Amino acid sequence: MPLALLALAVGAFGLGTTEFVMMGLLPDVAGDLHISIPAAGHLVSAYALGVVVGAPLLAALTARLPRRRVLISLMALFVAGNALSALAPGYDSLLAARFLSGLPHGAFFGVGAVVATNLVAPERKARSVSLMFMGLTVANIAGVPVATLMGQHLGWRATFLGVSLIGVAAMAAVFFLIHPTHTPAPTAGLRGELSALRSLPVWLALATTVVGFGALFSAYSYITPMLTDAAGYADSNVTLLLALFGVGATIGNLVGGRLADHAMRGTLFGGLVSMVAVLLLFPVLMRAEWSAAVAVVLLGVAAFITGSPLQLMVMERASAGPSLASSANQAAFNLANAGGAWIGGVALAAGFGVTSPALAGAALAVLGLGVASVAYAVDRRRVAPAPGHVRVVASHVPEPAETVHS
């Protein structure tokens, strides 16, 4: 695997850190700005909204630019957004800065995934995408806990300045490690990118992402009350357990990337089936501390096995213009985040128990299997004969007459 993938992983590490660190900083931010915890929670939503808006918009605006230049520009916007977050004088300005920080997120992952697959042989495409995504999963193991501790001891503004430095390092890594010849400007342009989104298989792949990863966020959004109220963990142990989720996600991401290069569709179906099984077992596993820790790891493994095949499936279905569709898939991940959390909250509010969001997630995973099955059926119907292949239809051909010599 080329060293250039490290540059993409560094950028993913910074993006993952700034996306999830706000959850741990909510009390500090709320106390410093004199706002309520629910109001501080809107800072999480502002980032997610920036991802949903920025992913297709920035991918479309940069459709004809060289990919290396696009990646550096997106990280520059990321650095600016986090620096403005650190310097924000009040709540409204911080809200705007968080939205700005989220704008380049989806486009970086979308364009980066296209670049990653162009750096390797065709049989290693899924593995290249998984190595870029590894920056995101490692952020949950190291980046988020360290950034949270930094915010608690040095102030939350120091956290965002630190994340800005990660963005600067990512810009330098992209500049020095990714050669311009590997990232030329796309030939399709904006019209080609938009035409790819008219394809039914592309939309079915995006729908699989929304529903499949919605299953994860239905449970993960409420993992803290499950661990404390059901499994009996103290609040102080939750951060370590969330790092275990990052370990599981990293394992699942690497395994999924390797398996998807051999059987992309089989890996996707296997991951979704695993999600159903793990989430159905959650109410049982949450009865003891040791089994709850195992459940957290298994959830990360099962969910992120599907990450690389979902990303690659969208890109292959939009092969004429993959950057916009690839970025739109990142918007789909964030729609899954919002939708899954809402569905899990409905189950919780209905009084079905603290582990009910996991069962709601299992139902979503089953629905994801259904959407993936429809996508598979549509793909099979659209398979055309290979170029130059002539279908032979058996028919009776009279034998030539026997030559008579006299």
Side-chain angles (χ1 to χ4, degrees), residues 11 13-62 73-109 136 139-140 143-168 170-171 217 220-222 224 327-328 330-342 345:
F13 178 81
L15 291 164
T17 301
T18 200
E19 179 179 20
F20 294 110
V21 75
M22 183 56 74
M23 287 77 158
L25 296 178
L26 286 184
D28 303 275
V29 174
D32 186 51
L33 298 181
H34 307 292
I35 57 176
S36 66
I37 292 292
H42 294 160
L43 297 168
V44 177
S45 303
Y47 186 93
L49 181 61
V51 177
V52 174
V53 173
L57 178 63
L58 293 180
L61 291 176
T62 59
S73 300
L74 291 172
M75 289 313 301
L77 183 59
F78 168 81
V79 170
N82 282 280
L84 289 173
S85 296
L87 301 173
Y91 174 69
D92 291 338
S93 55
L94 180 56
L95 201 67
R98 285 291 290 171
F99 175 80
L100 180 65
S101 300
L103 286 176
H105 181 112
F108 183 90
F109 276 107
L136 178 66
N140 284 281
V144 173
V146 171
T148 301
L149 288 173
M150 182 187 296
Q152 291 170 348
H153 291 86
L154 302 177
W156 61 269
R157 296 179 187 276
T159 294
F160 290 112
L161 286 177
V163 173
S164 295
L165 293 179
I166 298 175
V168 173
M171 291 173 64
F217 289 110
Y220 188 68
S221 300
Y222 304 96
T224 297
S327 300
Q330 296 303 311
F333 277 118
N334 278 267
L335 288 175
N337 190 340
W342 178 77

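The analysis underlying the following values was restricted to heavy atoms, covering all of them including side chains, and did not include hydrogens, waters or symmetry mates. Residue numbers run from 1 in the order of the sequence given. Since this is a predicted model, take the numbers as computed values, not measurements.
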Query raised in the report: What closest approach, in Å, do F217 and F333 show between heavy atoms, and which atom pair accounts for it?
Result: CE1-O, 4.1 Å

Query - Considering all heavy atoms, the nearest Y47-L15 contact - result: OH-O, 3.7 Å

**Report entry** CG-CG distance between L154 and L161, expressed to the nearest 0.5 angstrom
**Finding:** 10.5 Å

Query raised in the report: Quick one: OG on S73 to CG on L61, what's the gap to the nearest 0.5 Å?
Result: 12.0 Å

Query raised in the report: Do the non-hydrogen side-chain atoms of F99 and L103 ever get within less than 4.5 Å of each other?
Result: yes

Query raised in the report: How long is the span from the OG atom in S85 to the CE atom in M22, to the nearest 0.5 Å?
Result: 7.0 Å

Report summary line: Between L74 and P104, the two heavy atoms sitting closest are O-CB, 3.3 Å

Requested in this report: May I ask you to decide if A147's main-chain N or O and T159's side chain share a donor-acceptor pair within less than 3.5 Å?
Outcome: yes

**Report entry** For L77 against L58, the heavy-atom pair lying closest together
**Finding:** CD2-CD1, 4.0 Å

Query - Rounded distance (nearest 0.5 Å) linking atom CG of N82 with atom CG of L87 - result: 11.0 Å

Query raised in the report: Just by distance, do the side chain of Y91 and the backbone of A30 share a donor-acceptor pair under 3.5 Å?
Result: no

Query raised in the report: Roughly how far, to the nearest 0.5 Å, is the CZ atom of F20 from the CG atom of L25?
Result: 14.0 Å

Query raised in the report: Tell me, do N334 and E19 make a side-chain contact under 4.5 Å, heavy atoms counted?
Result: yes

Query raised in the report: Do R98 and T18 touch side chain to side chain, with heavy atoms closer than 4.5 Å?
Result: yes

Requested in this report: Report the relative orientation of the aromatic rings in F160 and W156; use parallel for angles under 30°, tilted for 30 to 60°, perpendicular for over 60°.
Outcome: perpendicular

**Report entry** Side-chain heavy atoms of L94 within contact of V29, under 4.5 Å
**Finding:** yes

Query raised in the report: Which pair of non-hydrogen atoms, one from V168 and one from V79, has the smallest distance, and what is that distance?
Result: N-CG2, 3.6 Å

Requested in this report: Kindly give the heavy-atom pair with the smallest separation between S327 and A59, and that separation in Å.
Outcome: OG-CB, 3.4 Å

